[in-house]
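Below: the structure, in structure tokens.
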Amino acid sequence: MKETPVADVFIPEEFTEEQKMILHTVQDFMVKEVHSMGFGKVASLDAEKDKDLVLSVFKKAGALGLCGVSIDEEYGGMGLDFNTGLLFTEGLAGGFSFATTIGCQTSIGSLPILWYGTEAQKVKYLPEIATGEKGCSYCLTEPGAGSDANSGKTRAVLNTEGTHYILNGQKMWITNGGFAEVFTVFAKIDNDEKLSAFIVEKGFGGIELGKEEKKMGIKASSTVQVFFHDCKIPKENLLGERGKGFNMALNILNSGRIKIAAGGVGGMKNGLDKIVEYTNQRIQFNQPISQFGAMKLKLGIIATNAFAIESGVYRVGADVDKKHAELKASGSSYNDAKINSMREYAIECAILKIQGSEAMCSTGDEAIQMFGGMGYSQETGVEMAYRDARITKIYEGTNEINRMLSLGEFYKRAFVTKELNLKAAAKTVPAAIAQNYNPFNTGFLATEFEFVNNLKALFMIITGAAGNKLKTKLVDEQEIVMNLADILAMAFISESAFLRVKKLSQKTDIDKTELDVKTKMAKLYLYDALDVARKSANNAVDSFSGGIEKMVLKCLLRRMLRTYRINPKDMRRDVADHIINKGGYKF
Ligand SMILES: Cc1cc2nc3c(=O)[nH]c(=O)nc-3n(C[C@H](O)[C@H](O)[C@H](O)COP(=O)(O)OP(=O)(O)OC[C@H]3O[C@@H](n4cnc5c(N)ncnc54)[C@H](O)[C@@H]3O)c2cc1C
């Protein structure tokens, strides 16, 4: 299998001081404006009752420029590149519900106009969105159209004068809907099969808002139903081309998905800081509870997930920026370059969303466990983090839909657009396996890179075999698709973690202790990833194959994902001790 050259991989340690300033600015903002209220108070905020307070924090963020991070300077924003935008999103995580509010404004709320709008639309709407003077929202979901988003019933009909679209219908679960002035609404024109998109101002009239939803978490974040009753939209507010709204909606979600992963990284790091602070001072059996192996096990797992997922997130973020620059250099328009650079990484965005959200949710759960009874109290903010994190597995495409999407996109590229040459890749597999089993291979982390290559090769082999066997029926065998998507994720994230460590090891100014801890985290991630992949691969193979084919696949599986000989307990203890001694996840 082809190995990505480290020179082509961006690692978080390469962020500049300027980029880190953005992170620190948003983190400081959250501490000053949100944490200062006290976690008990933040946990009991209510989007309906506390609307003024929520809006005042939002307006302050706007005044500081935090609502315009992705918007170009010519339209009043900061014009950050995509990867710095991800770093900003990592910093937002400390804001709990406010992270969703500002996250929506800077992402799904405004990007449709930025990426698909005409110059006139951008000039008209973006400056006030960038400053937070106008809140914005993204209206795709309907009561009958959730995961099946293209099945919505909201309709737009051009009036007889041909000047306005008349919009009727209902949207549901609309973040920021309670105070937004600008809505990107996805609706079908006449009897079109595909959605179109419109920029709708609250001032157009014919808009009715439902009450704020009572939710499990992100309680201060506004979430309402939006009803359109003969809402009159000027014809020029059609966004992008007629019938292209669904593609647009999905592509905006690609960006939203990797941002959820970046937020997850922030959430896990914040969680670690809080856990270390608490478990270092909480004494039981005459010692700080952080000194117990059971606690170190959990700390080691959370840190490892944060490290590995972070490696994938910023690797992809930089790749999106590189692709954008390449496309622009080759003559693409601004909009096309934004759209196509994002679309190119749809698979990675889906994978990272799934793994980032799941790791963050389990961090929230374990944080409560490590705080014991205090974790269950509103006072510490830990139960709020747990509740707030849960939505990330649902919105921007549920994790099931994202698993199917990552595989679907992979097959599309392999068999429809033929961007991926699966046959050529398959031919390299036997050689790769033979080469991998070289006991004299003493290259840098040779065993680990061998496992990473094996994960990639095994994914290709099993996915190819399942595709061959089931052909178009594979879409109905979702259990197998779920398994395959998990092998793909384990391969990609493990690879990202080891490429990061390899690149770090080539730097002359790297602190050796830090490199050692990071190498251990990459190894620990791989150790667990091999378990996930083994289980998923066994499940898939047992589900679709039989006879000789099954025997061969099982034999390959055992060989390629053989036991990885490390001592996970000792390694996790070392990682945990480092974090405990540093007082948190401080790298
Ligand atoms: C707090 C919150 C904020 C939100 N913000 C916004 C927003 O700003 N704008 C917006 O447009 N939407 C928003 N949403 C909507 C969100 O994107 C949807 O809830 C989500 O896409 C899932 O749709 P659904 O709730 O209808 O669930 P369903 O689609 O009914 O799914 C229910 C379950 O069935 C599974 N399922 C569905 N279809 C399939 C399938 N084909 N195969 C296998 N399993 C399947 C799902 O994975 C899930 O487990 C928000 C939702 C919430 C809760």
Side-chain angles (χ1 to χ4, degrees), residues 45-48 54 96-112 135-154 169-180 182-187 195 197-198 200 209-228 245-246 248-257 259-260 263 350 353-354 357-358 361 384 387-408 474-485:
L45 286 177
D46 176 295
E48 192 93 54
V54 172
F96 301 93
S97 301
F98 295 93
T100 306
T101 308
I102 300 171
C104 174
Q105 179 84 2
T106 52
S107 179
I108 57 173
S110 54
L111 293 186
C136 57
S137 69
Y138 169 97
C139 306
L140 177 64
T141 307
E142 298 186 13
S147 299
D148 187 8
N150 196 42
S151 67
K153 292 194 166 41
T154 300
Q170 176 185 359
K171 294 289 170 179
M172 191 171 186
W173 300 119
I174 302 308
T175 300
N176 290 0
F179 65 89
V182 181
F183 303 79
T184 297
V185 182
F186 296 90
L195 293 169
F198 299 89
V200 181
L209 302 179
K211 277 199 169 312
E212 288 291 346
E213 301 288 347
K214 300 288 172 212
K215 309 186 293 286
M216 169 185 179
I218 53 166
K219 285 173 182 279
S221 157
S222 165
T223 319
V224 295
Q225 293 203 49
V226 183
F227 301 87
F228 301 98
F246 189 54
M248 192 186 294
L250 294 188
N251 204 30
I252 295 296
L253 291 180
N254 287 331
S255 134
R257 284 169 185 152
K259 286 183 180 176
I260 286 181
K353 189 266 184 185
I354 300 162
S357 60
E358 292 180 3
C361 285
M384 170 169 56
R387 287 185 290 101
D388 286 358
R390 188 59 182 82
I391 185 59
T392 59
K393 294 206 267 186
I394 297 171
Y395 60 19
E396 316 245 348
T398 65
N399 283 11
E400 294 75 35
I401 294 293
N402 272 293
R403 281 184 165 87
M404 286 185 275
L405 186 148
S406 60
L407 241 279
L474 183 61
V475 289
D476 299 323
E477 306 293 339
Q478 292 185 348
E479 297 88 335
I480 297 172
V481 173
M482 302 284 116
N483 296 149
L484 297 175

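Ligands are counted one by one from 1 in listed order, and the atoms in each one are counted from 1 as well.
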Taking all non-hydrogen atoms of both residues into account, name the closest pair between A47 and S221 and its distance. CB-O, 3.7 Å

To which protein heavy atom is atom 12 (N) of ligand 1 closest, and what is the distance rounded to 0.1 Å? T141 OG1, 2.7 Å

Using every non-hydrogen atom in the two residues, find where Q105 and C136 come nearest and quote the distance to one decimal. OE1-N, 2.9 Å

Per side-chain contact (heavy atoms from CB on, under 4.5 Å), I354 is matched among N402, T398, I401, T392 by N402

Mind listing the closest non-hydrogen atom pair of S107 and K259 along with its distance? OG-CD, 3.7 Å

In terms of atom number and element, which parts of ligand 1 are under 4.0 angstrom from non-hydrogen atoms of G146? 23 (O), 24 (P), 26 (O), 29 (O)

Geometric N/O contact D148 with ligand 1, under 3.5 angstrom: no

For atom 49 (O) of ligand 1, which protein heavy atom lies nearest, and how many Å away is it? E400 OE1, 3.3 Å

For K211 and Q225, what are the C-alpha separation, side-chain angles and deciding distance, and is it a side-chain contact (heavy atoms from CB on, under 4.5 Å)? CA-CA 7 Å; K211 277 199 169 312; Q225 293 203 49; over 6 Å; no

Should you measure from each heavy atom of K215, which atoms of ligand 1 turn up under 4.0 Å away? 1 (C)

Do me a favour and list the nearest non-hydrogen protein atom to atom 8 (O) of ligand 1 with residue, atom name and distance? T175 N, 3.0 Å

Among G256, A249, S137, S147, the residue with a heavy atom nearest to atom 31 (O) of ligand 1 is S147

Where is the nearest protein heavy atom to atom 42 (N) of ligand 1: which residue, which atom, and how far? Q478 NE2, 3.0 Å

At their closest point, which heavy atom of C139 faces which heavy atom of F183, and how far apart are they? SG-CD2, 3.7 Å

Where is the tightest heavy-atom contact between T154 and G169, given as atom of each residue plus distance? OG1-CA, 3.6 Å

Identify the heavy atoms of I174 and T141 that sit nearest to each other, and give their distance. CD1-O, 4.4 Å

Among V224, I391, L253, I108, which one puts a heavy atom closest to atom 1 (C) of ligand 1? I391

Starting from atom 21 (O) of ligand 1, locate the nearest protein heavy atom and write down its residue, its atom name and how far away it is, to 0.1 Å. I394 O, 4.1 Å

re atom 45 (C) of ligand 1, the protein heavy-atom contact at minimum distance is I401 CD1, 4.4 Å

Test applied, side-chain contact (heavy atoms from CB on, under 4.5 Å); reference residue, S357; option that passes from K393, E396, R390, R257: K393

Heavy atoms only, cut-off 4.0 Å: how does E213 contact ligand 1, side chain, backbone, both, or neither? neither

Checking ring-ring contact (aromatic ring centres under 6.0 Å, His included) against Y138, which of F186, W173, F198 comes through? F186

Where is the nearest protein heavy atom to atom 46 (C) of ligand 1: which residue, which atom, and how far? T398 OG1, 3.6 Å

Under the 4.0 Å line, does any protein heavy atom show up next to atom 34 (O) of ligand 1? no

Do me a favour and list the nearest non-hydrogen protein atom to atom 13 (C) of ligand 1 with residue, atom name and distance? W173 O, 3.0 Å

